[in-house]
Amino acid sequence: MIVSWNTTNACNMYCAHCYRDAGCPAAEELSTAEAFTLLDQIAKAGFKIMIFSGGEPLMRPDIIDLVKHAAALKLIPVFGTNGTLITRQMAQRLKDAGAKGMGISLDSLDRQKHDRFRSFEGAWDGAVEGMNNCREVGLPFQIHTTVMDWNQHELEAITDFAVDIGAKAHHLFFLVPTGRAASIEEEALRTQQYETVLRRVMIKQQSVPIELKPTCAPQFLRIASELGIKTRFRRGCLAGLSYCIISPRGKVQPCAYLNMELGDVRRTPFDQIWKSNEVLARLRTLDYGGKCGACRYKNACGGCRARAACYHDGDFMAEDQCAYQL
């Protein structure tokens, strides 16, 4: 089970696709004491992987203490970061605190394209330096790429770069037009492009020694099955099933791209929200509408619930956009 906590809304970048519309710290972000309590409740709820994200999580002054507390609870602390703040010293401190992996964003091998997407000059060089610093101290890292119409042609090359630089995995995030990303929806892949790219990713997996994982693209499990490709993953969309996200102010959502507040950890313990929330209970029925409900891959794929909501007036149980013919 995986939980992601947006530790802060503060960020040193202004990325075009940010679902959290990060930049400045949010009012009333969880304090260190409140964060410790939240981590206690996350462990009590049975979660194992604790993702520290943002904003930019390394802008939070107490981040090392938070990692230490998570590790003491036997959680597995990992990060989603733009990588530019990972100095060699910070990489060593994170490793010593118990961090087990860093997910570092890299959206193109073209420095200018990556920097423009991130609205930050030097973002590419900073990310790669962060990767090198992780490798030097023995802190595992992986590359995260947001898939857009303008970078889809270079995904295999980014995977090769990931192998060469020593990354443990390459995770590809398929755009869901929520938050700031709503303004660049036209740059998202269309249904047939989406299908074609997923097939390319699955075929590429057969020729590289690192893990390739499409995210917000649960159809990859159907495609892997069709191609006879084995994968360790058994479920596509995890929203509300074995994954959720918590905002900087302690609001719980089913996933990063389903902007629905299910509860406030300042008022209700996280483990109670996870156990008894009505929206989560509905997601767990798998009672989807349209093609997703009738699809024989429903239990493996499940369709992207956030994308379904985006394109069906908020109906998170509607069908996802998909090229599969029933």
Side-chain angles (χ1 to χ4, degrees), residues 1-4 6 15-21 49 51 53-54 78 80 103 105-107 117 142-152 155 158-159 169-202 205 211-224 231 233-245 253-260 283 286 288 291-292 295 297-298 300-312 314-324:
M1 288 174 42
I2 306 169
V3 62
S4 179
N6 299 133
C15 303
H17 63 303
C18 183
Y19 65 85
R20 190 57 74 190
D21 196 17
I49 298 176
I51 303 173
S53 63
V78 296
S105 299
L106 194 75
D107 302 303
F117 191 50
Q142 61 190 41
I143 289 179
H144 291 171
T145 300
T146 299
V147 180
M148 311 290 292
D149 62 355
W150 50 265
N151 69 356
Q152 59 171 304
L155 299 178
I158 298 174
T159 294
H170 183 198
H171 286 201
L172 301 107
F173 290 73
F174 287 70
L175 186 76
V176 179
T178 60
R180 204 178 290 154
S183 65
I184 57 169
E185 190 278 336
E186 69 278 2
E187 298 178 36
L189 300 186
R190 301 302 127 180
T191 302
Q192 193 54 55
Q193 291 176 313
Y194 183 77
E195 182 85 359
T196 299
V197 169
L198 283 176
R199 286 186 177 274
R200 284 170 43 203
V201 171
M202 289 295 96
Q205 176 66 93
E211 174 185 279
L212 304 186
K213 168 62 166 63
T215 297
C216 298
Q219 292 83 0
F220 84 92
L221 285 174
R222 165 180 56 82
I223 291 171
T231 172
F233 301 102
R234 295 293 176 265
R235 173 72 189 178
C237 183
L238 304 178
L241 306 181
S242 58
Y243 171 81
C244 71
I245 192 166
Q253 299 176 207
C255 86
Y257 309 103
L258 268 175
N259 191 19
M260 309 167 60
L283 283 165
L286 309 188
Y288 309 131
K291 289 171 61 177
C292 285
C295 184
Y297 291 99
K298 178 176 74 171
C301 170
C304 175
R305 296 298 96 216
R307 191 171 287 107
C310 281
Y311 292 103
H312 294 279
D315 183 0
F316 57 87
M317 297 299 283
E319 67 181 24
D320 187 9
Q321 296 180 327
C322 182
Y324 182 59

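What you are looking at is a predicted structure, and each value in this text was computed from that prediction instead of being measured.
Looking only at atom types and distance, the side chain of His170 has a donor-acceptor partner in the side chain of Thr159 under 3.5 Å away. Side-chain contact annotation: Arg307 with Tyr194, donor-acceptor N/O pair under 3.5 Å present. For the residue pair Asn6/Ser53, the side-chain donor-acceptor check at 3.5 Å is satisfied.
Glu319 contributes a side-chain N or O that, together with a main-chain N or O of Lys291, makes up a donor-acceptor pair within less than 3.5 Å. Not one N or O on the side chain of Glu187 forms a donor-acceptor pair closer than 3.5 Å with the backbone of Met148. A side-chain donor-acceptor contact under 3.5 Å links Gln253 to the backbone of Leu258. A donor-acceptor distance shorter than 3.5 angstrom exists from the side chain of Thr145 to the backbone of Leu106, with no hydrogens or angles considered. Side-chain N or O atoms of Arg235 include one that pairs as donor or acceptor with a backbone N or O of Cys237 at under 3.5 Å. Formation of a donor-acceptor pair under 3.5 Å by the Arg180 side chain with backbone atoms of Pro177 is not found in this model.
Counting heavy atoms from C-beta on, the side chains of Glu195 and Ile223 come closer than 4.5 Å. Annotation: side chain of Cys322 is in contact with side chain of Arg222 (closest heavy-atom distance under 4.5 Å).
Residues Cys304 and Asp320 share a closest heavy-atom pair of N-OD2, 2.9 Å. Closest non-hydrogen pair, Gln219 versus Gly303, comes out as NE2-CA, 4.3 Å. Of all heavy-atom pairs between Leu283 and Ala239, the closest is CD1-O, 3.7 Å. Of all heavy-atom pairs spanning Val197 and Leu155, the tightest one is CG1-CD1, 3.5 Å. The shortest heavy-atom contact between Pro254 and Met260 is CD-O, 3.6 Å. In terms of heavy atoms, Lys298 sits closest to Leu286 at CD-O, 3.4 Å.
Between Glu185 and Arg190 there is a salt bridge, since a side-chain N of the basic residue sits under 4.0 Å from a carboxylate O of the acidic one.
The distance from atom NE2 of His171 to atom CD1 of Ile143, rounded to the nearest 0.5 Å, is 11.5 Å. In this structure, His144 NE2 and Lys213 NZ are separated by 9.5 Å, a value rounded to the nearest 0.5 Å.
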Exercise for the section: Apply side chain to side chain contact (heavy atoms under 4.5 Å, CB included) to the pair Leu189 and Phe174, showing each step before the final yes or no. Expected result: CA-CA 8 Å; Leu189 300 186; Phe174 287 70; 4.0 Å; yes

Practice task
Evaluate the criterion side chain to side chain contact (heavy atoms under 4.5 Å, CB included) for residue pair Phe117 and Asn151; output intermediate values, then yes/no.
Solution key: CA-CA 11 Å; Phe117 191 50; Asn151 69 356; over 6 Å; no

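Classified by interplanar angle (parallel below 30°, tilted 30° to 60°, perpendicular above 60°), the ring pair Tyr297/Tyr324 is perpendicular.
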